[in-house]
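Proteins get letters first, then strands, A, B, ... in listed order; numbering begins at 1 in each. Keep in mind that the numbers below use all heavy atoms, side chains included, and drop hydrogens, waters and symmetry copies.
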Number of protein chains: 2
Amino acid sequence: MKVQDHQLQVPGLRMTKQRKEVYRALLENQDHPSASELHSYMQTTDSPMSLATVYNCLEAFVEHGAVKQVNIDREPTRYCENSVQHGHFHDQKTGKIHDVNFKNGMNVSDLLDLPLGTEISNIEITLKGSISN
Amino acid sequence: MKVQDHQLQVPGLRMTKQRKEVYRALLENQDHPSASELHSYMQTTDSPMSLATVYNCLEAFVEHGAVKQVNIDREPTRYCENSVQHGHFHDQKTGKIHDVNFKNGMNVSDLLDLPLGTEISNIEITLKGSISN
DNA sequence: AATTAGTTTAGAATTATTCTAAAAAAGACT
DNA sequence: AGTCTTTTTTAGAATAATTCTAAACTAATT
């Protein structure tokens, strides 16, 4: 999947060459990469960059809400593009991570007994298991 | 809260002195401690033990389903007793972690569009935010 | 062009966790 | 109790993801 240059925008964030290319990599290969996987990948493009920069870019994206971190146990943090609210399913057989969307109109507060006055700024839902068939 | 010795059991797991005391610490101080917090605490009891042992005990409990890990970003993993299915709310003002129970009769599959045939073995729900009032 | 502020970089530092191999404890069996 | 076997505990070393540092670079601004 190709992403046009003008789509590589994160509101409120100056898009440097490196940020653009990291963001492109995330949009084009929707694969929940870790920082170091992303770094290896960047080395194969014509924007090789340091690992620290990959971390810097990702941090900036996360701060601006454009990217979401996926933490599974103590494994390296994985990153994914975050336009739609979603959770993750970690298939233990294949190791693959699948996005799982919220059911239409559903909300965490429908599932959980939240204390009164709770204001949620971030939701992380990670399921582990397998797909039988 | 005091826990009787005979309650310090995890089905299928040999309860050594150290495992008993770590388990007791988790039951008596329901505080989502990290391994090293737990270790510091153990040093104040009459069962001081090594950090490696704390990790070993916790790993055994998690494997046997008696204890749940709570991962918040890249912070040290926290541990909590796991008799009832629940999620966690991380109050960003106070840094405290609160348990949040599932609403009666509700289930993750009510919230999320899971692929057909999905078998869930572990659910981790972590919310971040604040409580306004 | 000079100045300023923000970004990238290589490499060092940090730190939670895991590993290692030896000592200790627990359990089983006479 | 004494021996054998298996499991657990331990201190310390090793690992690895991430963050930090300070210098070099880039971009925006006067």
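When rounded to the nearest whole Å, the span between CE of B/Met15 and P of C/dG27 equals 12 Å. Rounded to whole Å, the distance from CG on A/Leu51 to P on C/dA13 is 17 Å. The nearest whole Å value for the distance from the OH atom in B/Tyr79 to the C1' atom in C/dA16 is 9 Å. Across the protein-nucleic acid pair, B/Leu13 atom CG and C/dG27 atom P stand 12 Å apart, rounded to whole Å. Summarising the geometry, the separation between NZ on B/Lys20 and C1' on C/dA25 is reported as 14 Å, rounded to the nearest angstrom. Taking atom CZ of A/Arg74 as the reference point, atom P of C/dT15 lies 14 Å away to the nearest angstrom.
With 3.5 Å as the limit, one finds no donor-acceptor pair spanning the side chains of A/Gln43 and A/Thr45. Defined by atom type and a distance below 3.5 Å, a donor-acceptor pair is missing between the side-chain atoms of B/Ser47 and B/Gln18. Side chain to side chain, B/Ser121 and B/Glu119 fail the donor-acceptor criterion of an N or O pair below 3.5 Å.
With C/dT17, C/dT7, C/dT8 as the choices, the nucleotide that has an atom nearest any side-chain atom of A/Asn56 turns out to be C/dT8.
Counting any heavy atom pair closer than 4.0 Å across all strands shown, A/Thr53 reaches a base atom. Using a 4.0 Å heavy-atom criterion, one finds that A/Ser34 contacts no nucleic acid atom at all. Contact annotation for B/Ser36: no contact, since no heavy-atom pair falls under 4.0 Å across all strands.
B/Tyr23 and B/Val70 fall into different hydrophobic clusters, where Ile, Leu, Val, Met, Phe, Trp and Tyr side chains are chained together by heavy-atom contacts under 4.5 Å.
In this structure, B/Lys68 contributes its side chain and B/Arg78 its backbone to no donor-acceptor pair below 3.5 Å. A/Asn29 contributes a side-chain N or O that, together with a main-chain N or O of A/Ala25, makes up a donor-acceptor pair within less than 3.5 Å.
Residue whose closest nucleotide on DNA chain C sits further toward the 5' end, between B/Ala35 and A/Gln18: A/Gln18.
For the pair A/Leu26/A/Gln30, no side-chain contact is recorded, criterion being any heavy-atom separation below 4.5 Å from C-beta on. At least one side-chain heavy atom of A/Leu114 sits under 4.5 Å from a side-chain heavy atom of B/Leu127.
Between B/His88 and B/His32, the ring planes lie perpendicular to each other; the angle is over 60°, past the 30° to 60° tilted range.
Rounded to 10 degrees, the angle separating the terminal helix axes of the helix from C/dA1-D/dT30 to C/dT30-D/dA1, each built from five base pairs, is 30°.
Here the range on DNA chain D touched by chain B, meaning any atom under 4.0 Å from one of its heavy atoms, is D/dT7 to D/dT18.
Taking only side-chain nitrogens and oxygens, A/Arg19 comes nearer than 4.0 Å to OP1 or OP2 of C/dT7.
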